[in-house]
Amino acid sequence: MEVVKHEHACVSLVAAGRRLVVDPGIWTDPGVLEVADAVLVTHAHVDHVDEPALRAALGGRPELHVWTNPELARALAGPSGQVHAVREGDRFEAAGLAVRAVGEQHAVIHPEVPRVANVGFVVEERFFHPGDALLDPGVPLELLCVPLHGPWVKVAELVDWVRRLAPRRTLAVHDGLLNARGLAVVGRFLGPEGPGTGAEHVRLEPGESLLLA
């Protein structure tokens, strides 16, 4: 399985010639939807889903299907049955890959900021994209997507979260608001120069990829 990094929080998983796209937001090249066989969306924030672009893709491609939390599924739903609502523990197949839903809510940004629904996705019980919450998929992972930066993110919590989940590797995502200096600083904390997580930390530029054995 090939994991391709796109802008900000978006990644693609490619296996057997099919492509599963996760969180194609407004900072992601909309062309990624043209080659997607299926789409997963963790939550409704615009950096994770470009609703007009996704609706256009669904309207133009009746074979394209989307899985997301019930809150966003209601907003996206059309007459064709291409949008599927999933909750914690649900299992399904997307683009030929086994997927399991984890979690229900976005991390707390501030007590006075309403929380939106957020569901993370475990793919083939090896890869995990949590969206915007430090969730526990409950299985050993080959690759954990780590949201580097956002109004709800604290580096100390990221380090402890990675230690607790103990994946083999971590992949930097949710990095679209950081410049080169910020990326270097956060990367050091998660890498060998930091306090130590036990996982190899990887950051890819958009379009770069890595392989899961």
### Message
Would you say that more than 12 heavy atoms from the other residues, nucleotides or ligands in this model lie under 6.0 Å from the CZ of R87, or not?
### Response
no
#### Entry: Atom of T68, atom of F121 and distance for their closest heavy-atom approach
CA-CZ, 4.4 Å
#### Entry: Heavy-atom pair of closest approach, residues A36 and L64
O-CD1, 3.6 Å
### Message
Contact between F128 and P167 at the side-chain level, heavy atoms closer than 4.5 Å - yes or no?
### Response
no
### Message
Using the rule that Ile, Leu, Val, Met, Phe, Trp and Tyr join whenever any side-chain heavy atoms are under 4.5 Å apart, tell me whether V162 and L143 fall into a single cluster.
### Response
no
### Task
Applying side chain to side chain contact (heavy atoms under 4.5 Å, CB included), run through H149 and D175 and close with a yes or a no.
CA-CA 6 Å; H149 175 263; D175 52 5; over 6 Å; no
Please report, to 0.1 Å, the donor-acceptor pairs under 3.5 Å made by any side chain of residues 182-195, with sequence neighbours excluded.
none

### Query
Out of curiosity, does V102 fall in the hydrophobic cluster containing W152 (side-chain heavy atoms, cut-off under 4.5 Å, transitive links)?
yes
### Task
Just jot down the salt bridge (Lys or Arg N to Asp or Glu O under 4.0 Å) partners of R163, sequence neighbours excluded, or say none.
D160
### Message
Between W161 and V139, is there shared hydrophobic-cluster membership here, with clusters defined by ILVMFWY side-chain heavy atoms closer than 4.5 Å?
### Response
yes
### Euclidean distance, E124 CD relative to L13 CG, rounded to 0.5 Å
9.5 Å
#### Entry: Test item: L177 and W27 side chains (from C-beta on) under 4.5 Å apart, heavy atoms
yes
#### Entry: L204 and L171, any side-chain heavy atoms less than 4.5 Å apart
yes
### Message
Are V155 and I109 connected into the same hydrophobic cluster when the rule is that any two of I, L, V, M, F, W, Y join if their side-chain heavy atoms are below 4.5 Å apart?
### Response
yes
### Task
Could you pull out the closest heavy-atom pair between P130 and T42, with the gap in Å?
C-CG2, 4.4 Å
### Task
Return yes if some donor-acceptor pair links the side-chain N/O of H110 with the main-chain N/O of E112 below 3.5 Å, else return no.
yes
### Task
Would you give the length of the straight line joining atom CG of L144 to atom NE2 of H201, rounded to the nearest 0.5 angstrom?
10.5 Å
### Message
So does R61 get a backbone contact from the side chain of Q82, meaning a donor-acceptor N/O pair under 3.5 Å?
### Response
yes
### Sub-4.5 Å side-chain heavy-atom contact between V153 and L148
no
### Task
State, without any angle test, whether H106 and N118 hold a side-chain donor-acceptor pair at a distance under 3.5 Å.
no
### Query
Out of P206, P24, S12, which one pairs with H6 under the side chain to side chain contact (heavy atoms under 4.5 Å, CB included) rule?
S12
### Query
Taking all atoms of both residues into account, what is the closest heavy-atom pair of A44 and V49, and its distance?
O-CG1, 3.6 Å
#### Entry: side-chain hydrogen bond (donor to acceptor under 3.5 Å, both in side chains) involving R74 - partner list, sequence neighbours excluded
none
### Point-to-point distance, once rounded to the nearest 0.5 Å, from NE2 of H43 to CG of L72
9.5 Å
### Query
Can you tell me if E104 uses its side chain to pair, donor with acceptor, with the backbone of E88 under 3.5 Å?
yes
### Task
Only counting residues at least two apart or in another chain, list the ones meeting salt bridge (Lys or Arg N to Asp or Glu O under 4.0 Å) with E142.
R126
### Query
Going by heavy atoms in the side chains, are D90 and W67 under 4.5 Å from each other?
no
### Task
Could you name each residue pair satisfying side chain to side chain donor-acceptor pair (under 3.5 Å) that touches residues 91-103, not counting sequence neighbours?
R100-E125
### Message
With a 4.0 Å cut-off on N to O distance, would you call E7 and K5 a salt bridge?
### Response
no
### Query
Looking only at heavy atoms, which two atoms of A85 and P70 are closest? And how far apart?
CB-CA, 3.8 Å
### Task
Could you grab the distance from atom CG of L54 to atom CG of D50, nearest 0.5 Å is fine?
8.0 Å
### Message
Determine whether a donor-acceptor pair (N or O, by modelled atom type, separation under 3.5 Å) exists between the side chain of D37 and the backbone of R19.
### Response
yes
### Query
Just how far is it from atom CE of M1 to atom CG of L210, taken to the nearest 0.5 Å?
9.5 Å
### Message
Do V32 and V22 land in one hydrophobic cluster if side-chain heavy atoms of ILVMFWY residues count as linked below 4.5 Å?
### Response
no
### Summary
Here the gap from E208 atom CD to R203 atom CZ, rounded to the nearest 0.5 Å, amounts to 8.5 Å
### Query
Of the non-hydrogen atoms in A38 and A95, which two are nearest, and what is the gap between them?
CB-N, 3.8 Å
### Query
Does any non-hydrogen side-chain atom of R169 lie less than 4.5 Å from one of L212?
yes
### Query
Quick one: does L40's side chain get under 4.5 Å of F92's, heavy atoms only?
yes
## Note on the structure
Contacts of H48 meeting side-chain hydrogen bond (donor to acceptor under 3.5 Å, both in side chains) (sequence neighbours excluded), chain-then-number -> D23, D132, H174
### Query
Is any side-chain heavy atom of V99 less than 4.5 Å from a side-chain heavy atom of V86?
no
### Message
Please check: side-chain N/O of D136 versus main-chain N/O of L165, any donor-acceptor pairing under 3.5 Å?
### Response
no
